[in-house]
Amino acid sequence: GVWRQTRALLFKNCLIKGRTKKSSVQEVLFPLFFLFCLILMSMMHPHRKYDEVANTNLGTLDTSQLLNFIIGYTPPTRMAREIMKKVAFDNFEDGIITEEYLSEEELQEASVLKSSNFVGVVFKDSMSYQLRFHDSIAMSSIYMESR
């Protein structure tokens, strides 16, 4: 029963593939062609490995540019509050204004209203974050070259 049906179906498929050679060849060659294109593109833009940057003294910070500077952050977790408190008061004499927002949407709305002196910080987890400027995400300059 089952073996005979399987053998008949296999024979039928071989006959169909034999009669439609053009489409059968295309089924094999198109994926190989696209794979070759992907390999070629990856060879044209190789992955660059950047070495470690040594610690250097950057000098004193010019705090006159940070007057009326606002840093908004989300989500308002205990860890985020502690980090932003350190940023605002431990590093600057006058302190920087920090505002917490319940969601990224509220943070984006605030960045539109206060675009000239506003930076948003979105905490992804306790160890990673993204800086948001008016309608954009800040990226490190080392990634701009390969992008």
Side-chain angles (χ1 to χ4, degrees), residues 2-3 5-6 9-10 12-14 16-18 20-147:
V2 174
W3 171 247
Q5 286 179 353
T6 306
L9 186 60
L10 183 64
K12 178 186 133 196
N13 287 340
C14 288
I16 290 172
K17 292 294 179 188
T20 57
K21 289 179 176 66
K22 183 179 177 183
S23 65
S24 299
V25 169
Q26 287 176 350
E27 284 180 14
V28 173
L29 291 183
F30 276 143
L32 290 175
F33 172 73
F34 291 127
L35 180 65
F36 174 74
C37 288
L38 285 174
I39 292 171
L40 187 64
M41 282 190 286
S42 69
M43 289 172 62
M44 289 172 56
H45 300 286
H47 178 71
R48 293 187 185 125
K49 181 164 174 43
Y50 295 96
D51 294 330
E52 233 177 76
V53 177
N55 290 338
T56 57
N57 184 6
L58 299 176
T60 59
L61 179 63
D62 182 16
T63 56
S64 65
Q65 295 178 349
L66 299 177
L67 294 175
N68 300 325
F69 199 72
I70 302 169
I71 300 177
Y73 63 94
T74 189
T77 61
R78 184 183 60 81
M79 179 71 81
R81 285 186 189 107
E82 288 177 17
I83 291 170
M84 296 313 290
K85 182 181 175 186
K86 276 190 170 292
V87 166
F89 297 110
D90 292 354
N91 298 322
F92 305 100
E93 300 91 28
D94 300 333
I96 293 178
I97 302 167
T98 58
E99 298 175 353
E100 64 182 43
Y101 295 93
L102 297 176
S103 66
E104 280 191 60
E105 290 78 23
E106 287 183 22
L107 184 74
Q108 278 185 319
E109 289 172 12
S111 73
V112 170
L113 296 174
K114 311 168 188 178
S115 63
S116 63
N117 60 346
F118 186 85
V119 173
V121 181
V122 179
F123 290 95
K124 297 298 179 189
D125 54 38
S126 62
M127 298 299 288
S128 64
Y129 62 91
Q130 282 185 333
L131 294 178
R132 302 249 175 166
F133 297 95
H134 181 62
D135 288 336
S136 65
I137 298 175
M139 297 192 67
S140 175
S141 61
I142 62 171
Y143 295 115
M144 294 304 282
E145 212 175 278
S146 64
R147 194 170 179 203

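Below, each value reflects all heavy atoms present in this structure, side chains not excepted, and no hydrogens, waters or symmetry copies. In this chain, numbering begins with 1 at the start of the sequence shown.
Closest approach of Thr98 and Tyr73 over heavy atoms only: CB-CE2, 4.2 Å. In this structure, Pro76 and Leu102 approach most closely via the heavy-atom pair CG-CD2, 3.9 Å. Between Pro75 and Ala80 the shortest heavy-atom distance is O-CB, 3.5 Å. Heavy-atom minimum distance, Gly18 versus Lys21: O-NZ, 2.9 Å.
Rounding to the nearest 0.5 Å places SG of Cys37 at 11.0 Å from CG of Leu32. Atom-to-atom distance recorded for Leu40:CG and His45:NE2 is 9.5 Å, nearest 0.5 angstrom. Here the straight-line distance linking atom CD of Gln108 with atom OG1 of Thr74 works out to 10.5 Å at 0.5 Å rounding. With rounding to the nearest 0.5 Å, the separation of CD1 in Ile39 from CZ in Phe34 is 14.0 Å. Note that CG of Leu29 is 13.0 Å distant from CZ of Phe36, once rounded to the nearest 0.5 Å. Here the CD atom belonging to Glu99 is positioned 5.0 Å from the CD1 atom belonging to Ile70, to the nearest 0.5 angstrom.
In this structure, the side chains of Tyr129 and Ile83 stay at 4.5 Å or more apart for every pair of heavy atoms. Between Val121 and Leu131 the shortest side-chain heavy-atom distance falls below 4.5 Å. The side-chain heavy atoms of Tyr101 and Val122, taken from C-beta on, include no pair separated by under 4.5 Å.
By the 6.0 Å contact criterion, NZ on Lys22 is open, its count of non-hydrogen atoms from other residues, nucleotides or ligands being 12 or less.
Between Glu100 and Lys85 there is no salt bridge, since no side-chain nitrogen of the basic residue lies less than 4.0 Å from a carboxylate oxygen of the acidic one. A salt bridge is defined here as a Lys NZ or Arg NE, NH1 or NH2 lying under 4.0 Å from an Asp or Glu carboxylate O, and Lys86 with Glu82 fails to meet this definition.
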